[in-house]
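So that the names make sense, note that chain A is the first sequence line, chain B the second, and so on, each numbered from 1.
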Amino acid sequence: MTTPAIEVERLAKTYRIYGPPWHRVLEKMPWIKRPLHRAVHALADITFAVDAGQCTGVIGRNGAGKSTLLKILTGTTFPTAGRYAVRGHVSALLELGAGFHQDFTGRENIYMNAAMMGFSRKEARSRFQQILDFSELHDFIDAPVRTYSSGMVARLGFSVAVATDPDVLIIDEILGVGDLSFQRKCVDKIWDYKARGKTMFFCSHSLYDVRQICEQAIWLREGRVHMMADAVMVTNEYATWESHLRDKPDQSGYEKLPAAGQFDPHNPPDDDQHPRIVGAQIVDPATGQPRHHFAPGETVAIRVHVRNSRKPEKLAMAIGAMRSEGTLCFAHSTQFDGVRLEGPEFVVTLTLGNLCLLSGEFNLPVWLFDERGVHRFHERPVDQKLVVQNRTKDLGLFLQNHQWQVDRVPGSVFR
Amino acid sequence: MTSGSAPFVKTYSAETARHTVLASLVPVVRYPLEIWRHRYLVHNFFRRELLGRFRGSSLGLFWVLVHPIVMFAVYYLVFGYLFGNPKTGVGPGREYALYLFSGVIAFTALNEGVTRSCTCVVDNGNLVKKVAFPSELLPVPLILVSLVVYVVGALVCLGVGLAYGVLAPGWSLLLLPVVLLIQFVMTLGIGLFLANAYVFARDTSHLWSIASMAWMFLTPVFWFPHALEGPIAESIKQAFAWNPAYPLLQAHRIVLGAQSVKYSKEVDGVTKDLTSDLGYLGDHLLYASLWALGFLCLGYAVFMSRRHKYADLV
């Protein structure tokens with residue numbers, strides 16, 4: 001058995017919130033019996049281990065302790081109780097460009113950041129070109145960072161951070177930086193780390209990313225490990241739990257809105273650089289005509305028209321059905337089913353035979369991915385909602401294939 | 001667990017970690033080594049500090065030179081022609097202007113270094129919070145910059161002093177690096193101490209600006225220790241022994257080639273010679289370095305014993 005790369009044992013972190021600053025000193029005085037602070041338990045009694053080469057996702061709502069845990073493992077803050085061990089070179093992508101000086105050029109900031117990560121002058125010199133090439137900021141490298149767009153700062157930050165080639169990579173929600181092509185480079189880089197057997201510890205609000213990239217996941221709830229298991233299982237449980245909490249159904253799934261200047265899969269630029277869903281409709285497979293009222297047991301076809309980028313990408317597509325209150329009833333993906341999507345322009349048809357859904361209005365989201373199913377090129381719902389109307393009086397979400405049987409119990413005393 | 005021997009293993013246990021001031025005192029011997037090991041980082045911060053200050057100005061680094069030259073010119077005008085009489089040699093003259101100038105640049109360097117160090121942990125909050133890196137190095141480049149500014153001032157001082165024949169630097173000038181080292185260590189010690197305090201109470205910087213002003217007036221920057229005349233002059237002379245800046249300042253002046261300061265004053269129509277000796281360099285160096293080491297140990301131990309809390313407070 002190998003030693004775990006990350007080991008955490010009964011870890012706890014309590015923040016003390018004081019009113020006026022002098023209370024901190026006053027509290028130490030022997031005659032003060034009552035504590036003068038309010039204790040906030042960010043993490044309470046966390047124990048887990050991550051094997052080397054594994055990718056672990058951390059999910060949970062805001063304030064569940066995700067960032068605190070990541071900061072402790074990175075070494076910027078320290079736990080109040082418990083112990084941890086991290087084996088291997090650690091690199092943390094907590095906040096990109098955190099150490100940049102606005103008035104200095106990109107070049108100067110690369111050297112500065114490299115020094116902060118413990119590089120010597122020689123190492124920094126030898127990696128400079130690699131960092132610059134990765135960031136693709138050749139034309140701007142001698143301009144002050146103050147003149148950069150936020151996307152450019154993030155690109156530079158990411159490029160420096162991944163130049164270390166760490167054994168353990170700790171990432172906090174940063175996969176959505178820069179424009180489309182840079183986002184893909186980030187994803188490729190993460191995939192490359194994974195392929196080379198690096199340990200990754202990854203915190204994200206995107207359940208989809210966690211499921212695609214990670215083997216296992218930790219669900220933190222109020223500073224405790226609520227669940228730790230296989231990534232698919234944990235994300236499913238979490239999604240169910242969260243949909244109960246949600247006040248309003250959220251049509252877009254669990255994604256946050258991307259910051260300005262970043263690539264937004266809900267609204268990608270309409271040019272020949274980006275693969276795009278041109279049209280998506282529900283049709284009756286018998287007539288080929290659009291139709292969106294169906295009954296259980298009928299066959300439904302969803303037709304999606306895709307225009308690839310000028311340099312055709314290998315693509316993957318997923319189509320799901322989400323009931324009006326936000327429950328994802330199903331989602332099928334060409335990647336899971338081993339269907340290849342190639343070519344400059346094509347129409348994909350998903351046929352749903354013997355429709356199992358019961359009465360309800362269903363939003364049908366369509367996702368267009370890269371071939372690995374990680375990077376989202378475009379995401380949009382089918383033009384019209386699928387409306388299902390029962391002919392029977394069955395209740396619930398879907399029509400389960402079922403059968404009843406009644407057997408009399410022989411010799412019963414109750415006649 | 002066999003984690004101790006494997007490379008790049010980072011372990012931390014809240015139960016065994018010791019955060020007392022005394023436990024943090026011992027590693028002070030490793031501090032110079034730590035600075036040396038991170039010299040590239042220090043170098044980069046130094047550059048950032050020095051160039052960042054003048055980035056965007058057209059004269060750039062030249063400002064470092066302009067400032068002391070203009071300052072001396074003003075002193076010379078005020079004390080040579082307004083308060084003193086260059087013809088009779090009575091009252092403060094250009095010698096006094098030089099005396100004052102040498103004291104001001106040395107004390108300003110100390111004050112600047114401490115003032116900038118005081119806020120360094122909070123100013124670099126995003127680094128302390130987001131990047132795991134040794135925050136005890138943060139004051140080092142700031143103090144180095146204050147020393148560079150001092151050295152430029154000292155060169156101006158030397159140039160003017162040689163031109164007037166007031167300063168006669170000898171071999172002792174070779175000891176300037178030693179004096180600078182002592183000043184560096186003393187500034188670092190006080191800076192670390194205040195940087196720690198500033199994290200917990202932001203009043204510290206205001207307190208320091210008042211305290212440093214008082215300290216400056218209580219140190220022979222403007223006046224001569226041997227020309228004291230007030231009713232408590234004797235006890236004040238005794239108190240010099242306990243002023244850490246006194247031996248440092250005098251050492252600076254002696255190294256720059258001043259042995260004594262000529263000063264005369266008219267009392268009841270009689271010109272009184274108040275020329276005073278600056279003391280022995282050896283004594284000053286000894287006392288200054290003892291103070292410096294004391295400050296460093298105190299500042300370092302306090303800083304390191306509380307460092308684990310900084311990320312949560314800045």
- request: Counting only heavy atoms closer than 4.5 Å, note whether B:Val42 contacts chain A via side chain, backbone, both or neither.
  value: neither

task: Check whether A:Leu11 gets within reach of chain B through its side chain, its backbone, both or neither, counting any heavy atom under 4.5 Å.
output: neither

field: Heavy-atom contact with chain B under 4.5 Å, split by part of A:Tyr15
entry: side chain

- prompt: So which of B:Asp203, B:Leu313, B:Asn124 has the biggest tally of heavy-atom pairs under 4.5 Å with chain A?
  reply: B:Leu313

- prompt: Contact part of A:Phe119 toward chain B, heavy-atom cut-off under 4.5 Å: side chain, backbone, both or neither?
  reply: backbone

A:Thr80, part contacting chain B, at a heavy-atom distance under 4.5 Å: backbone

query: Mind checking whether B:His308 and A:Phe78 have parallel, tilted or perpendicular rings, split at 30° and 60°?
result: perpendicular

- prompt: Does any heavy atom of chain B fall under 4.5 Å from the side chain of A:Ala92, the backbone, both, or neither of them?
  reply: neither

message: Please find the pair of heavy atoms, one from B:Tyr40 and one from A:Ser120, that lie closest to each other, and give the distance.
response: CD2-C, 3.7 Å

Engaged part of B:Phe45 at the chain A interface, taking heavy atoms whose separation is under 4.5 Å: both

message: Please identify, among A:Lys13, A:Glu9, A:Arg10, the residue contributing the most non-hydrogen atom pairs under 4.5 Å to chain B.
response: A:Lys13

message: Within the 4.5 Å heavy-atom criterion, are B:Leu51 and A:Phe104 side-chain neighbours or not?
response: yes

query: Which bit of A:Arg24 comes within less than 4.5 Å of chain B, counting heavy atoms only: side chain, backbone, both or neither?
result: side chain

query: Given that the side chain runs from C-beta out, which part of B:His38 has a heavy atom under 4.5 Å from chain A: side chain, backbone, both or neither?
result: neither

Heavy-atom proximity to chain A below 4.5 Å, by part of B:Arg202: neither

statement: Nearest heavy-atom contact between A:Lys71 and B:Lys129 is CD-O, 4.0 Å

